[in-house]
Student: 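Here it is, the structure in full.
Bear in mind the structure is a predicted one, so any value in this text is a computation, not a measurement.
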There are 2 protein chains.
Amino acid sequence: MDIERSISALNNPMRRRILEWLKDRSNFPPALPGHEDLEGVCVAYIQEKAKLSQSTISNYMGLLKQARFVKAERHGQWTFYRRDEENIQAFLAAVKDELLKT
Amino acid sequence: MDIERSISALNNPMRRRILEWLKDRSNFPPALPGHEDLEGVCVAYIQEKAKLSQSTISNYMGLLKQARFVKAERHGQWTFYRRDEENIQAFLAAVKDELLKT
DNA sequence: TTGGTATATCGAGATATTTCGATTTATGGA
DNA sequence: TCCATAAATCGAAATATCTCGATATACCAA
């Protein structure tokens with residue numbers, strides 16, 4: 001658990017917002033045909049919602065991935081991102097442990 | 001709870017370290033004569049331990065104070081800083097609420 | 001009032017982050 | 001194979017953060 005990298009990834013309002021959006025797949029357009037079974041969301045959908053450039057969103061998703069807040073799954077030309085709930089919980093536990101007294 | 005300002009304040013290893021040091025008054029030299037009853041630690045003691053310049057530490061403590069991670073108490077020429085446990089817990093709850101699904 | 005000490009604030013240079021458009025890479029279809 | 005599309009990477013300009021030394025402010029003691 002690299003708390004430095006995690007906090008750094010969270011230190012941006014849009015990246016935090018994306019993490020919130022990813023809590024619920026229905027925040028995005030329906031899955032692409034043939035990918036209905038996938039929980040993840042493609043970069044283009046996130047970009048459209050965030051209204052930032054493609055390269056910026058790709059960069060953001062890379063930072064969130066390095067921080068283990070999301071997992072990426074490549075299917076053909078698409079990369080589907082979804083939250084990594086386990087590691088999000090691990091981060092919260094680590095921050096709590098570092099910050100809290102006792 | 002300004003989560004933006006809080007995360008930004010935490011986004012620095014030395015500031016996080018200072019918060020950890022402040023968990024235990026005995027991480028610092030004994031209280032100044034006549035201030036034994038105070039829980040807080042003066043800037044000079046923190047500076048000495050951190051080995052950064054006086055102005056940097058003063059700035060850091062100001063950021064931690066704005067983020068409500070510490071409280072400042074002025075006594076004469078000294079400013080004594082101590083953790084604000086209540087607001088630290090409030091921050092943890094807010095981050096948990098924002099990050100965690102369901 | 002004068003001088004000394006603790007802290008805060010100011011101004012600036014070095015470094016990091018943000019965000020973009022352009023380019024590259026990977027893939028899939030005609 | 002050739003083209004189109006999705007995503008990643010590159011390079012750069014704008015902005016923010018880090019950290020310092022110098023200066024200002026506040027307070028105490030003689």
Student: Should we say atom CZ of B:R68 is surrounded by more than 12 heavy atoms from elsewhere, each under 6.0 Å from it?
Tutor: no
Student: For D:dA7, does either OP1 or OP2 sit under 4.0 Å from a side-chain N or O belonging to A:S58?
Tutor: no
Student: Quick check: are there more than 12 heavy atoms from other residues, nucleotides or ligands sitting under 6.0 Å from CD of B:E86?
Tutor: no
Student: So what does A:N59 touch, heavy atoms closer than 4.0 Å: a base, only the sugar-phosphate, or nothing?
Tutor: base
Student: For DNA chain C, find the residues of residues 65-77 of chain A with a heavy-atom distance under 4.0 Å and give them by number; none if there aren't any.
Tutor: A:G76, A:Q77
Student: Considering just the side-chain nitrogens and oxygens of A:T56, establish if one lies under 4.0 Å of OP1 or OP2 belonging to C:dT18.
Tutor: no
Student: Between the base of D:dA8 and the side chain of A:Q54, is one N or O donor paired with an acceptor at under 3.5 angstrom?
Tutor: yes
Student: As a test of reading the structure: which of C:dT9, D:dA7, C:dT18 is closest to the side chain of A:N12, going by heavy atoms?
Tutor: C:dT18
Student: Starting from the 5' end of DNA chain D, give me the residue, A:Y45 or B:R15, whose nearest nucleotide shows up first.
Tutor: A:Y45
Student: Verify side-chain contact (heavy atoms from CB on, under 4.5 Å) between A:K65 and A:D84, making sure each step is shown before the conclusion.
Tutor: CA-CA 9 Å; A:K65 187 186 165 198; A:D84 184 338; over 6 Å; no
Student: Please check if any side-chain donor atom of B:S55 sits under 3.5 Å from a side-chain acceptor atom of B:S58, or the reverse.
Tutor: no
Student: Report the nucleotide, chosen from C:dT7, C:dC10, D:dT9, that has the shortest atom-to-atom distance to any side-chain atom of A:S55.
Tutor: D:dT9
